[in-house]
Amino acid sequence: MQNFRTLNLATIAAGIRAQTITSNQVTEYYLDRIATHDPTLKSFVHLSQTALEQAAQADQAVQKGKRLGPLHGVPIGIKDNYLTQDMPTTAGTEAPNISFAQQDSAVSARLRKAGAILLGKTRTHEFAWGNVTPPTRNPWNTDYVPSGSSGGSASAVAAGLCAAATGSDTGGSIRMPAAVCGLVGLKPTFGRVSRTGIVPHSWSLDHAGPLTRTVKDTAIMLNVMAGYDATDPACQDRPTPNYLKTLNQPITGLTLGICRNHFFDNNQADVDQAIESAIEDFSRAGAKIIEFKIPRLEFGLGAIFAIELASSTAYHDQSLRQGKVEHFTPDVRTLVELGRFVSAPDYLKAEQLRSLLMQDFAQALTKCDAIIGPTTPITAWKAGTWRVPVGDRDTSVLSASWRYTFPYNLTGLPAISIPCGFDRLGLPIGLQIAGRPFEEATVLKVAAAYERTHDWVNQYPPI
């Protein structure tokens, strides 16, 4: 069987169109790798029963010269909180008497229309809570977690079990797994991608986006996923650019900002070293570097936690009243029940702080084109570990892991994580780039400029 391990989504899509490879070959390859490695990784919860049949149809369409979509014949993993008409959705729960419609989410439908083969459902932490995604493991070291809640998608893409995958991001659930698994993960602007048909976690914080191996792959996926959908009241009716168009432009003349008072307060030494090196690289590439502070970020974690707890508890209100929550996993059950103790004044104060932070970031982004910093202050941690040393402190992995990602959920700004090196244990480090609302093209351009001058994209897990 041909080895497609080093081929990214863009190369696979081009090869299928040029008939140098077939969708059937690629799909068989991924299914074989899943059979070999997923008993250890546990990244998929369900595989399509018709994947090879779809691949054969895709190859026939190529041979007949039919018009092809940008993802024609490419096998994609889809997170298990996205509804799919041909596969069950569980949202990561095994609680009895909870079921979801077997129909396509807006994104699932867009992927199919673009020609993608939805290879299977990737594991999510229950109801997209959490930062671990049990029992999924990280392919860089299977003693470690892939973070969460999109850990199944990240593990699968990093291990070469699919060409790309979807994720959802409420406090960092795309970018955290991308960072610790050595991938590119994008949370678009709130309202850029429809969330219709994605099991809700927090209506005002949820974002849908892709996890891929390269920035170009992310641009291709966003071209497909983005666009107005009237069935999602948060989705914005505004033009969607071709994100590939400006991807290779230089960043000479751009101004990149660094928020020193939050994103550099307490990081693992290897993370600090990698990010400072990246900042120097951007400067050498012609970008102007400025520094600023947002003092109110000190209170941001409390704000997002109040909003997220209250929103999730509201969604699970019926399950709470019917006693179904007692069947949730202990960590998720605790979080869902905690939301009952968020008072109306707590919630309103959190929303007020959110408005102030949106103003603060908007002001900062009048002085710079994008903001750069670490995605997470820590690299992957061992499964079953709940506290890790960070600098001179013993820190909870829960509070540490999403400390740098949640600000962009509160503000709704587009943010991407890309690989920027490895720690002393060989675990990936993530660089985060955020931008102005609906300026994903700028975020992608900055990310691509960094990726072009580094070899991280050609590093592969040992599995």
Side-chain angles (χ1 to χ4, degrees), residues 4-16 26 30 33 43 69-79 82 107 110-111 114-120 122 139-140 146-147 150-169 173-188 192-193 207-226 242-244 247-248 375 414-420 428 430-433 440-441 443-452 454-461:
F4 297 103
R5 178 70 184 93
T6 60
L7 299 189
N8 56 43
L9 180 151
T11 305
I12 290 171
I16 290 172
V26 177
Y30 285 139
R33 280 188 69 83
S43 61
L71 297 177
H72 187 85
V74 180
I76 303 292
I78 191 151
K79 188 175 177 179
Y82 285 66
V107 169
R110 283 178 175 271
L111 292 170
I117 295 170
L118 302 190
L119 189 63
T122 56
W140 288 94
S147 192
S150 305
S153 290
S155 178
V157 176
L161 309 188
C162 54
T166 64
S168 62
D169 193 311
S173 289
I174 289 172
R175 289 159 291 150
M176 294 187 302
V180 304
C181 290
L183 298 175
V184 179
L186 173 70
K187 180 198 78 64
R192 176 62 89 187
V193 176
H207 300 67
L211 288 118
T212 70
R213 284 208 52 80
T214 71
V215 176
K216 183 177 181 180
D217 289 355
T218 289
I220 293 170
M221 287 285 286
L222 188 59
N223 276 344
V224 172
M225 296 173 70
N242 180 347
Y243 295 105
L244 290 169
L247 204 60
N248 294 320
T375 307
I416 195 170
S417 180
I418 60 173
C420 73
L431 169 71
Q432 185 170 219
I433 305 162
E440 288 87 0
V443 171
L444 289 164
K445 179 170 72 173
V446 174
Y450 178 83
E451 184 184 76
R452 282 195 299 273
H454 296 80
D455 196 41
W456 312 128
V457 70
N458 295 318
Q459 309 297 313
Y460 302 94

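Throughout, residue positions are numbered sequentially from 1 according to the sequence presented.
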Mark yes when over 12 heavy atoms from residues, nucleotides or ligands other than Lys216 sit less than 6.0 Å from its NZ; otherwise mark no.
no

Rounded to the nearest 0.5 Å, what separates atom CE in Met221 from atom CD1 in Ile76?
4.5 Å

Shortest non-hydrogen contact from Ile174 toward Leu211
O-CD2, 3.5 Å

Any side-chain heavy atom of Pro210 within less than 4.5 Å of one from Met225?
yes

Pro419 side chain reached by Val184 side chain, heavy atoms, under 4.5 Å
yes

In terms of side-chain heavy atoms, does Thr212 have a donor or acceptor partner in Thr218 at a distance below 3.5 Å?
yes

Side-chain donor-acceptor pair present, Lys79, Ser150, cut-off under 3.5 Å:
yes

Any sub-3.5 Å donor-acceptor pair from Tyr243's side-chain atoms to Lys445's backbone N or O?
no

dist Asp217:CG -> Leu71:CG (nearest 0.5 Å) comes out at 9.5 Å

Main chain of Gly160, side chain of Arg33: is a donor-acceptor contact present, judged purely on distance under 3.5 Å?
yes

Could you walk me through whether Leu7 and Val26 pass the side chain to side chain contact (heavy atoms under 4.5 Å, CB included) check?
CA-CA 10 Å; Leu7 299 189; Val26 177; over 6 Å; no

List the atom of Ser147, the atom of Met176, and the distance in Å for their closest heavy-atom pair.
OG-CB, 3.4 Å

Is a side-chain donor or acceptor of Thr375 paired with a backbone partner of Gln432 at a separation under 3.5 angstrom?
yes

Donor-acceptor check, side chain of Asp169 to backbone of His207, threshold 3.5 angstrom: yes or no?
no

Hey, does Val193 have a side-chain heavy atom less than 4.5 Å from the side chain of Leu222?
yes

Give, for atom CZ of Phe4 and atom CD1 of Ile12, the distance between the pair rounded to the nearest 0.5 Å.
7.5 Å

Just by distance, do the side chain of Glu451 and the backbone of Val215 share a donor-acceptor pair under 3.5 Å?
yes

Please check if the side chain of Arg213 supplies one atom and the backbone of Leu9 the other of a donor-acceptor pair under 3.5 Å.
no

I need the minimum non-hydrogen distance between Cys181 and Ser155, along with the two atoms involved.
SG-N, 4.3 Å

CG of Leu118 to SG of Cys162, rounded to nearest 0.5 Å, is 11.0 Å

What heavy-atom pair brings Arg175 and Gly185 nearest, and what distance separates the two atoms?
CG-O, 3.7 Å

In Å, rounded to the nearest 0.5 Å, how long is the span from OG1 of Thr214 to CG of Asn458?
10.0 Å

Measuring only between side-chain heavy atoms, which start at C-beta, is Ile220 closer than 4.5 Å to Asn223?
no

Please round to the nearest 0.5 Å and tell me the distance separating atom CG of Leu431 and atom CD1 of Ile418.
4.5 Å

Of all the heavy-atom pairs spanning Val157 and Ala164, show the shortest one and how long it is.
CG2-C, 3.6 Å

Looking only at heavy atoms, which two atoms of Cys420 and Tyr450 are closest? And how far apart?
CB-OH, 3.3 Å

